[in-house]
Asker: 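Quick one: the structure is below, and I'll ask about it shortly.
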Amino acid sequence: QVQLVESGGGLVQAGGSLRLSCKVSGSFFSIYNMRWHRQAPGKEREEVATGGRFTVSRDSATNTAYLQMNNLKPEDTGVYYCSALIMPSGAGGAYDYWGRGTQVTVST
């Protein structure tokens with residue numbers, strides 16, 4: 001069974017940094033895409049815009065994606081999720097998988 005698990009969230013002061021991780025586990029052939037999303041309080045989930053303060057990276061050897069967040073602002077507060085398009089072992093196609101999210105809270 002394929003699973004995605006996020007980690008690295010927490011409480012940080014404005015201007016601080018966090019690095020989120022998303023590890024894929026289970027039996028699969030390929031990971032085609034990994035993305036990060038954010039759901040702020042009272043808002044819909046949206047894909048995280050990268051470049052500038054937020055950068056993404058991926059370690060294919062450990063099947064882990066990272067979201068480096070710098071100069072955090074209170075409006076960055078929310079639950080951060082990762083998703084991935086993955087072809088599980090024995091499957092005839094690829095499917096979208098999601099993690100359960102990790103909370104990021106940025107205080108003033």
Side-chain angles (χ1 to χ4, degrees):
Q1 183 178 359
V2 176
Q3 286 188 320
L4 277 65
V5 178
E6 302 95 337
S7 61
L11 174 64
V12 63
Q13 286 188 330
S17 297
L18 283 175
R19 188 176 81 153
L20 307 184
S21 301
C22 173
K23 183 167 178 60
V24 181
S25 63
S27 182
F28 52 89
F29 286 126
S30 297
I31 302 173
Y32 295 105
N33 190 21
M34 295 185 78
R35 296 179 296 168
W36 287 95
H37 312 262
R38 173 176 68 197
Q39 186 162 21
K43 295 187 178 181
E44 293 189 354
R45 192 178 301 183
E46 61 181 3
E47 188 165 350
V48 173
T50 58
R53 297 184 298 121
F54 291 7
T55 57
V56 296
S57 60
R58 182 172 160 184
D59 182 344
S60 297
T62 61
N63 300 313
T64 303
Y66 300 96
L67 177 65
Q68 178 67 44
M69 306 186 294
N70 298 325
N71 190 23
L72 283 161
K73 302 177 180 181
E75 51 263 41
D76 295 320
T77 293
V79 180
Y80 285 71
Y81 302 87
C82 68
S83 70
L85 186 63
I86 298 172
M87 179 180 284
S89 298
Y95 303 90
D96 249 350
Y97 290 85
W98 288 76
R100 294 188 173 186
T102 184
Q103 175 71 45
V104 171
T105 303
V106 184
S107 64
T108 56

Asker: Taking all atoms of both residues into account, what is the closest heavy-atom pair of Y97 and P88, and its distance?
Answerer: OH-CG, 3.0 Å
Asker: Looking only at non-hydrogen atoms, find the nearest pair between I31 and A84 and report the distance.
Answerer: CG2-CB, 4.2 Å
Asker: Donor-acceptor pair, distance only, cut-off 3.5 Å: does the side chain of T64 make one with the backbone of K23?
Answerer: no
Asker: Looking only at heavy atoms, which two atoms of G101 and E6 are closest? And how far apart?
Answerer: N-OE1, 2.8 Å
Asker: Taking V106's backbone N and O only, do any of them form a donor-acceptor pair with Q13's side chain (distance below 3.5 Å, no angle check)?
Answerer: no
Asker: Looking at A65 and M34, what are the two nearest heavy atoms and their distance?
Answerer: CB-CE, 3.6 Å
Asker: Could you check if a side-chain atom of W36 sits within less than 4.5 angstrom of a side-chain atom of C22, using non-hydrogen atoms only?
Answerer: yes
Asker: Between atom CG of N63 and atom OG of S25, what is the distance when rounded to the nearest 0.5 Å?
Answerer: 9.0 Å
Asker: Can you list the steps and then say if L20 with Y66 is a side chain to side chain contact (heavy atoms under 4.5 Å, CB included)?
Answerer: CA-CA 5 Å; L20 307 184; Y66 300 96; over 6 Å; no
Asker: Are R45 and Y81 in a cation-pi contact, defined as NZ or CZ under 6.0 Å from the six-membered ring centre and within 45° of the axis?
Answerer: yes
Asker: How far apart are the closest heavy atoms of A14 and T108, and which atoms are they?
Answerer: CB-CA, 4.5 Å
Asker: Check the hydrophobic clustering (I, L, V, M, F, W, Y; side-chain heavy atoms under 4.5 Å; chains of links allowed) and say if V48 and L18 are grouped together.
Answerer: yes
Asker: Of E47, E46, E75, E44, which meets salt bridge (Lys or Arg N to Asp or Glu O under 4.0 Å) against R38?
Answerer: E46
Asker: Please confirm whether the backbone N or O of T105 pairs with a side-chain atom of T77, one donor and one acceptor, at under 3.5 Å?
Answerer: no
Asker: Are M69 and Y80 close enough, and set up right, to give a side chain to side chain contact (heavy atoms under 4.5 Å, CB included), and what steps lead you there?
Answerer: CA-CA 11 Å; M69 306 186 294; Y80 285 71; 3.7 Å; yes
Asker: Within a strict 4.5 Å, meaning less than it, do heavy atoms of the S107 and V12 side chains meet?
Answerer: no
Asker: Is there a side-chain contact between H37 and S83 (heavy atoms, below 4.5 Å)?
Answerer: yes
Asker: Answer yes or no: are there more than 12 heavy-atom neighbours, outside R53 itself, under 6.0 Å from its atom CZ?
Answerer: yes
Asker: Quick one: are L85 and Y95 in side-chain contact, heavy atoms under 4.5 Å?
Answerer: no
Asker: Kindly give the heavy-atom pair with the smallest separation between V104 and D76, and that separation in Å.
Answerer: CG1-O, 4.4 Å
Asker: Can you find a heavy atom in the side chain of F54 that is under 4.5 Å from one in the side chain of Q68?
Answerer: no
Asker: Using side-chain heavy atoms (C-beta onward) and a distance below 4.5 Å, is R35 in contact with D96?
Answerer: yes
Asker: Look up atom CG in L4 and atom CD1 in I86, then write down how far apart they are to the nearest 0.5 Å.
Answerer: 5.0 Å
